[in-house]
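This report concerns only the one structure given below.
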2 protein chains.
Amino acid sequence: MNSTPKLGKVQLQIMQVLWARERATAREITDELNRQKSADVAPIAHSTVQTLLRKLEAKGAITHRIEERTFVFEPLQEKSEVETGAVGDLLTRLFDRSISGLVAHLVKHEKVSPDELQRLRTIVEQAEAAQNVKTSKEESR
Amino acid sequence: MNSTPKLGKVQLQIMQVLWARERATAREITDELNRQKSADVAPIAHSTVQTLLRKLEAKGAITHRIEERTFVFEPLQEKSEVETGAVGDLLTRLFDRSISGLVAHLVKHEKVSPDELQRLRTIVEQAEAAQNVKTSKEESR
DNA sequence: CCTCATCATTTACCAAGGTAAACAATTATG
DNA sequence: CATAATTGTTTACCTTGGTAAATGATGAGG
């Protein structure tokens with residue numbers, strides 16, 4: 001049962017803070033989240049953050065040590081792991097596991113700026129190049 | 001409040017059936033879902049499907065007509081709409097709205113076969129070509 | 001030493017998704 | 001016609017995420 005338990009919206013925001021800082025106290029996380037919020041939305045309560053930290057720890061996504069009598073949390077799950085889980089979910093649920101299907105959707109329905117498109121091409125080209133290297137190595141041994 | 005209410009996992013599966021068939025009865029959907037399941041998982045109960053159809057209709061994702069005294073459901077929300085919502089969610093939650101960030105993750109962490117990669121390049125190149133046409137039109141008027 | 005602030009813990013609620021039995025209405029069928 | 005099967009409706013329960021107040025513990029400041 002190693003299947004990366006899915007995280008909710010706010011849980012992910014908390015993870016983002018943890019990933020960015022490596023380690024943080026509950027108070028730091030609360031402040032950071034509220035700093036990110038625009039003034040017209042209600043700030044999140046500190047106890048809410050604590051509850052979610054608790055749930056994240058129960059799931060094994062984070063852990064804590066005690067320093068100076070306060071909890072210092074750090075992520076256990078890596079961002080790329082969580083990304084893979086979420087992307088995999090999306091692929092399964094909506095794109096029949098087709099990566100090209102997803103990318104086709106991206107360039108067709110999300111408005112992609114010209115330089116973003118160029119970046120996409122570079123990314124794909126480099127991946128192809130890397131794969132060719134691997135292939136020729138295979139062939140030459 | 002036109003923000004494409006999010007659909008759950010099974011709700012999406014139901015939508016998939018509806019998208020594929022254009023229209024279906026509750027019974028047809030139940031049978032289709034259970035046909036898709038491997039024998040070792042518990043089949044979904046018909047009443048569960050009916051409950052979810054009800055919730056989908058309450059959300060405005062589908063509607064029904066009555067034919068021969070039985071409900072025939074059809075999708076109101078289009079697949080591309082739902083895809084956009086789900087992809088947008090993923091982008092916001094994990095990729096800081098960066099499409100290239102998402103694609104970079106795809107080619108790096110999901111195993112993409114060589115021909116899949118080639119398809120990706122074609123998709124991106126064609127999008128670039130389309131954009132260049134648009135741009136030159138702009139310039140020439 | 002007493003009070004205040006700060007943190008952690010407990011407890012409680014609501015919403016949404018999923019699950020499905022129980023019940024009702026109505027149509028087939030023996 | 002009586003009963004079985006089908007379909008839709010009602011009701012209920014569990015889980016997870018999110019929200020946060022209330023309570024408890026404990027160290028700091030006056």
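Here the structure is a predicted model, which is why all the values come from computation and not from measurement.
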(request) Applying side chain to side chain contact (heavy atoms under 4.5 Å, CB included), name anything that partners B/Asp115, two or more places apart in sequence or on another chain. (result) B/Ser113, B/Arg119

Extract all donor-acceptor atom pairs below 3.5 Å that involve side chains of residues 9-17 of chain B and protein atoms in other chains or at least two apart in sequence.
residue	atom	partner	partner atom	Å
B/Gln11	OE1	B/Gly8	N	3.0
B/Gln11	OE1	B/Lys59	NZ	2.9
B/Gln16	NE2	A/Arg93	O	2.6

(message) Using a 4.0 Å cut-off on heavy atoms, which residues in residues 20-34 of chain A reach DNA chain D? List them by number, or say none.
(response) none

Side-chain donor/acceptor pairs under 3.5 Å, residues 65-72 of chain A, sequence neighbours excluded:
residue	atom	partner	partner atom	Å
A/Arg65	NE	A/Glu74	OE2	3.0
A/Arg65	NH1	A/Glu67	OE2	3.0
A/Arg65	NH2	A/Glu74	OE2	2.6
A/Thr70	OG1	A/Glu67	O	3.3

(message) Run the side chain to side chain donor-acceptor pair (under 3.5 Å) test against A/Glu128 and tell me which residues pass, sequence neighbours left out.
(response) B/Arg121

(request) Not counting sequence neighbours, which residues clear side chain to side chain contact (heavy atoms under 4.5 Å, CB included) with A/Ala86? List them please. (result) B/Leu90, B/Leu94

(message) Going by the rule salt bridge (charged side-chain N to carboxylate O under 4.0 Å, His left out), which residues pair with B/Arg21 if we only count those two or more places apart in sequence or in a different chain?
(response) B/Glu28, B/Glu32

(request) For DNA chain C, find the residues of residues 76-88 of chain B with a heavy-atom distance under 4.0 Å and give them by number; none if there aren't any. (result) none

(message) Protein within reach of the bases, or only the backbone? For nucleotides 17-27 of chain C, mark each nucleotide 5' to 3' as B, S or -, using heavy atoms under 4.0 Å.
(response) BBBBB-----S

Please set out all donor-acceptor pairs under 3.5 angstrom arising from side-chain atoms of residues 41-52 of chain B, sequence neighbours excluded.
residue	atom	partner	partner atom	Å
B/His46	ND1	B/Thr30	OG1	2.8
B/Thr51	OG1	B/Ser47	O	2.9

(message) Suppose we screen for ring-ring contact (aromatic ring centres under 6.0 Å, His included). Which residues come up paired with A/His105, at least two apart in sequence or across chains?
(response) A/Phe95, A/His109

(request) Could you list the residues that satisfy side chain to side chain contact (heavy atoms under 4.5 Å, CB included) with A/Glu57, not counting sequence neighbours? (result) A/Ile62, A/Thr63, A/His64, A/Phe73

